[in-house]
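Report on the structure given below.
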Amino acid sequence: MAFRQAIQQSALDRRETALWPRTREELEVRQAALAGRREPPWRPSVEPAATAGCAVCFGPAEAGRERAWAAAAFAGATRGRRALAVGQVDAEYEPGLMALREGPLLEAAVRALPQAPEVLIVPAAGRDHPRRAGLAVHLGAVLGLPTVGLTRRPLVASGPMPKAAAAGSLSVLMIDGEPVAAWVRTRAGARPLVVHAGWRTSVQTAIEVVLASCAGRRFPEPIREAREAARRERSRALR
DNA sequence: GCGACAG
DNA sequence: ATCTTGTCGC
């Protein structure tokens, strides 16, 4: 049955945990494989789509490891609309390999959400990546959820920022003639953000998802909520 | 002079 | 990301 199948595909298994690569070599192989997979493009069934965001923040390192707090949230996140995940990470930050650091924790936070989102905004690159599979793409594949990536600047692609100061003005970023992301002014007069095509999303769809959730602010509401939740938990734990 | 490769 | 100084707008 198509209906039942759709439900199973959109529902998050809250107990299952994926195995993330532990080394640079393993991750690079995985990324190359992910980039080759061609899943059916996703489009919001109803607008606005149920959009969630996620975030991670780090604390002082202890014994070589860093403590980290992750959160996932829907807009207007209150109790019941967000979730947390805490852990340690030993991988250092390295452009192109962010999944080693943030993948497991972000997955845990999203899976802990009481409801499965229709689409997830990830604070990381998507298709604009050395192997076309940034953390936004990887996390979407692991969760079986459409994702879009959102960063302050491009990772690989380069191009001029939109000239117009109006919210919604944009300029597409390409790699080898393929659209991978776009500079998007999410708020009038503010510096544009880079919106990336992610897991099962095109640049166009990614832009629609992000613009629909910004509500007059530079960052999408779900991302702001998740970021705030993670930082608040960190300060609570560190105190 | 330094950085210019996501967070 | 995190930190820190400086500027802008309500």
Side-chain angles (χ1 to χ4, degrees), chain A residues 20-21 24 27-28 30-31 34-35 53-62 65-72 85-110 120-142 147-161 165 167 173-176 180-184 186-199 201 203 206 210 216-220 222-224 226-235 237-238:
Chain A
W20 290 80
R24 151 187 221 120
L27 177 57
E28 291 181 342
R30 185 92 175 79
Q31 292 174 331
L34 282 172
C54 54
V56 204
C57 63
F58 301 88
E62 41 186 57
R65 286 184 165 183
E66 272 176 289
R67 291 183 68 183
W69 290 263
V86 188
Q88 304 78 221
V89 71
D90 40 32
E92 290 180 1
Y93 165 73
E94 195 174 335
L97 305 177
M98 234 166 54
L100 292 178
R101 249 170 97 70
E102 310 184 1
L105 223 47
L106 284 178
E107 181 201 355
V110 177
L120 178 72
I121 301 177
V122 185
R127 245 75 225 204
D128 173 25
H129 179 276
R131 288 164 292 286
R132 308 292 190 282
L135 179 54
V137 170
H138 199 151
L139 186 57
V142 162
T147 59
V148 310
L150 186 67
T151 61
R152 301 188 149 135
R153 56 178 189 272
L155 180 56
V156 174
S158 65
M161 303 196 310
L173 292 166
M174 300 190 181
I175 296 181
D176 296 331
V180 294
W183 275 114
V184 179
T186 53
R187 182 183 184 178
R191 185 181 206 277
L193 291 175
V194 179
V195 176
H196 304 240
W199 184 244
T201 58
V203 172
V210 169
R217 319 215 50 161
R218 187 156 90 115
F219 282 89
I223 287 291
R224 299 179 62 241
R227 197 180 272 164
E228 181 182 58
R231 288 173 174 167
R232 200 179 63 252
E233 186 59 24
R234 176 182 58 184
S235 67
L238 250 34

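Hydrogens, waters and symmetry mates are skipped; everything else that's a heavy atom, side chains included, is used. Quick note on labels: first sequence line is chain A, next is B, and so on, each numbered from 1. As the structure is a computational prediction, the values presented were derived from the model and not from experiment.
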Next on the checklist: Once rounded to the nearest 0.5 Å, what's the spacing between atom NE2 of A:His138 and atom CG of A:Leu34?
Outcome noted: 5.5 Å
Checklist entry - A:Arg234 side chain N/O closer than 4.0 Å to the phosphate oxygens (OP1, OP2) of C:dT2? => result yes
Which part of the nucleic acid, if any, lies within contact of [X], taking any heavy atom under 4.0 Å across all strands shown: a base, the sugar-phosphate backbone alone, or nothing?
X: A:Arg231; answer: sugar-phosphate
X: A:Leu100; answer: nothing
X: A:His129; answer: base

Separation of atom [atom1] in [X] from atom [atom2] in [N], rounded to whole Å:
X: A:His138; N: B:dG7; atom1: NE2; atom2: P; value: 19 Å
X: A:Glu66; N: C:dT2; atom1: CD; atom2: C1'; value: 11 Å
X: A:Met98; N: C:dA1; atom1: CE; atom2: P; value: 9 Å
X: A:Trp69; N: B:dG7; atom1: CH2; atom2: P; value: 20 Å
X: A:Arg24; N: B:dC5; atom1: CZ; atom2: P; value: 16 Å
X: A:Tyr93; N: B:dG7; atom1: OH; atom2: P; value: 7 Å
X: A:Leu238; N: C:dA1; atom1: CG; atom2: P; value: 17 Å
X: A:Leu155; N: B:dA4; atom1: CG; atom2: C1'; value: 13 Å

Checklist outcome for this item: Among B:dG7, C:dT2, B:dC5, the one nearest any side-chain atom of A:Glu102 is B:dG7
Checklist entry - Does the ring of A:Phe58 lie flat against the base of C:dA1, closer than 5.5 Å centre to centre with planes under 30°? => result no
Checklist entry - Is a salt bridge present between A:Arg224 and A:Glu228, judged by a nitrogen-to-oxygen distance below 4.0 Å? => result no
Checklist outcome for this item: Of all heavy-atom pairs linking A:Pro104 and A:Ala99, the shortest is CD-O, 3.6 Å
Next on the checklist: Checking the side chain of A:Asp128 only, and the main-chain atoms of A:Pro154 only, is there a donor and an acceptor separated by less than 3.5 Å?
Outcome noted: no
